Amino acid sequence: MTEFLKEKTVFQRLPENVIPVHYEIMLEPNLEDFNFAGETNITIKVVESTSKIILNSLDLLIDEAKLEVEDGRVLIGNTTMYNESETAAIVFDTLIPKGNSILRLKFTGTLNSRLNGFYRAKYTIEGEVRHAACTQFEPTGARRCFPCWDEPNFKATFQFVLVVPKDKVALNNMPEVSSIEHPTNSSLRVVKFDTTPMMSTYITAVYVGEADFIESKTNSGVVVRVFTPKGEAETGRFSLDLAVKTLEFFDDYFKVPYPLPKADMIAISEYYGGAMENWGLVTFRETALLVDPVKTSVARKKRVASTVMHELAHMWFGNLVTMEWWTDLWLKEGFATFCSYLSGDKLLPSYEFINSMFSDCYGSAFHLDCLRSSHPIEVPVSSPNEIDEIFDEISYSKGSVLINMIHNFIGDEFFRNGMNMYLRKFAYKNSKTEDLWEALGEASSLPVKSVMSTWTRQMGFPLISVSIKQVGGVQKLEFSQERFIADGSKDENGLRWMVPITAVSEKKSDCAIRYIFA
């Protein structure tokens, strides 16, 4: 029995007394009635004995909840849904012992029209309106598709099974391992996908619909595919070729191989935002992925290239290593933005990506960050309702220019070594901002953490004033700093930053002096 409660609650993160280990998820979307049925078997680890399991669920009806414990008993649970906190509490009549158990849930839901969670996307073929079933889970949409621990620190492995019409394409993060006719309905097929590595719920994804595709391979054998609307496969050629080169570039740059056997990119007809870095199945707005080889302008090609490279950078920053909580959202967004300019400068030199970073990122970051209403890069997030509020230019643009600043200050070699240390240490795990600074500091023997904390934990930026003084036969540079505020007012808090300074002289232009001004 499922009960729904709507009382006001104070947000709390999910308890960690029960931890998901592995999900087996079956989804059967109905593209005519716009609903879906699902089943999930979740292997859980009970850390502390309890009679209640709390997980996330929203807009789902959990019809059945059973728990198979290690001694063979099957416990029946009563489910209460808390819409305000977007959680479900499954209560059992007896304590669940420590160790592994399997939570078996049956549920139903709606293919919504909100472009979030498990939703329907309308498209037209020869004048006929049709629909695809798509997912958009970041930041908290997975709970609208299947009951889960929908917080980034609860990493687990996933295996999806999709029950779909025979004439539809079915996609998931991992490659298809089998496709058989449905045992009771010959118009359907049952598609099973391989098991994912450890990952967060928000980067899982499925797609059921119609599409054409083209494919290629990286030099390490990763299959890369671009899925387009029917009859438009060649509009994916530009992004396909770039994706192959981008994956190879990051493989070499970070010395950490792309960890999945495939990398799919698909254009969705109805889509919120520009793109989403689902691991192995990146979804895009059509205009962010597809390029007409004849009609598309250079400016739009550059925007498409930037988006493709940004999303593929997330395969490492965000997917392989994931922020522990949304407070460190900038860690993946700032890095992916920086990496898109870094790779673009090497792969598409005629587009002058690094030069345009100053207008694209520095300008937009300064414009927002010079206001009194700005916010620090690291923003405490206490509720899922606050997450969307920090997807702004501070996370993306200011984050990227700070990464560019520290990259220039410690040098490319130390930066690459530090990133390699960071990615290998936290692969398939979660990290915080401090973990990145410590890795870069260890690689460079410079006080990266002390410097960068002044930039990420307080808002704004300094105006640096430089004066020259003649002292005997020596010229000395004197620096001062104060927060720059657009309205001309003074900062009453006396904020100060540790600023990496690089100085060169006219006589010794090849000899740079680097120091930190505080």
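This is a predicted model, so every value here is computed, not measured.
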Quick one, Arg457 with Glu434, criterion salt bridge (Lys or Arg N to Asp or Glu O under 4.0 Å). Give me CA distance, side-chain angles, the key distance, then yes/no. CA-CA 11 Å; Arg457 292 181 176 175; Glu434 295 80 16; 2.3 Å; yes
If you define the side chain from C-beta out and look only at heavy atoms, does anything of [X] sit under 4.5 Å from [Y]?
| X | Y | value |
| --- | --- | --- |
| Phe107 | Leu61 | no |
| Met315 | Val282 | yes |
| Phe158 | Met199 | yes |
| Cys134 | Thr283 | no |
| Phe517 | Ile464 | yes |
| Asn278 | Thr204 | no |
| Met174 | Pro261 | yes |
| Met81 | Ile62 | yes |

Can you find a side-chain donor-acceptor pair between [X] and [Y] that sits under 3.5 Å?
| X | Y | value |
| --- | --- | --- |
| Ser364 | Ser397 | yes |
| Thr201 | Asp150 | yes |
| Asn112 | Arg120 | no |
| Ser356 | Lys302 | yes |
| Asp412 | Tyr253 | yes |
| His314 | Glu333 | yes |
| Tyr341 | Asn404 | no |

Heavy-atom pair with the smallest gap, counting every atom of Thr322 and Pro152: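 Nearest heavy atoms, Thr322 then Pro152: CG2-CB, 4.1 Å.
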Report the C-alpha distance between Glu270 and Arg114 in whole Å, list the side-chain angles of each, state the deciding distance to 0.1 Å, and finish with yes or no for salt bridge (Lys or Arg N to Asp or Glu O under 4.0 Å). CA-CA 10 Å; Glu270 292 186 314; Arg114 289 189 291 262; over 6 Å; no
Looking at [Y] and [X], is any side-chain nitrogen of the basic one under 4.0 Å from a carboxylate oxygen of the acidic one?
| X | Y | result |
| --- | --- | --- |
| Arg13 | Glu86 | no |
| Asp328 | Lys432 | no |
| Asp63 | Lys106 | no |
| Lys66 | Glu39 | no |

Can we call the ring centroids of Tyr202 and Trp326 under 6.0 Å apart?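 That pair passes the under 6.0 Å test.
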Indicate, with yes or no, if the rings of Phe366 and Phe461 have centres closer together than 6.0 Å. yes
Please round to the nearest 0.5 Å and tell me the distance separating atom OG of Ser239 and atom CD of Glu311.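 With rounding to 0.5 Å, OG (Ser239) is 11.5 Å from CD (Glu311).
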Spacing of Met421 atom CE and Leu436 atom CG [to the nearest 0.5 Å]: 11.0 Å
Could you tell me whether the side chain of Arg285 and the main chain of Gly273 form a donor-acceptor pair under 3.5 Å? yes
Any donor and acceptor pair, going by atom type alone, linking the side chain of Asn172 with main-chain N or O of Ala205 inside 3.5 Å?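 Yes, the answer is positive, given that a donor and an acceptor are paired below the 3.5 Å cut-off.
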Please check if the number of heavy atoms outside [X] that lie under 6.0 Å from its [atom1] is greater than 12.
| X | atom1 | value |
| --- | --- | --- |
| Glu442 | CD | no |
| Glu176 | CD | yes |
| Glu70 | CD | yes |

Could you pull out all residues at least two apart from Asp264 that satisfy side-chain hydrogen bond (donor to acceptor under 3.5 Å, both in side chains)? Arg225, Lys262
Partner set under side-chain hydrogen bond (donor to acceptor under 3.5 Å, both in side chains) for Glu277, not counting sequence neighbours: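 By the side-chain hydrogen bond (donor to acceptor under 3.5 Å, both in side chains) rule, Glu277 matches Lys332.
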Apply the ring-ring contact (aromatic ring centres under 6.0 Å, His included) test between His407 and each candidate in Phe414, Phe338, Phe335; give the one that qualifies. Phe338
Identify which one of Phe36, Phe137, Tyr207 satisfies the ring-ring contact (aromatic ring centres under 6.0 Å, His included) criterion when paired with Phe118.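 Exactly one pass, corresponding to Phe36.
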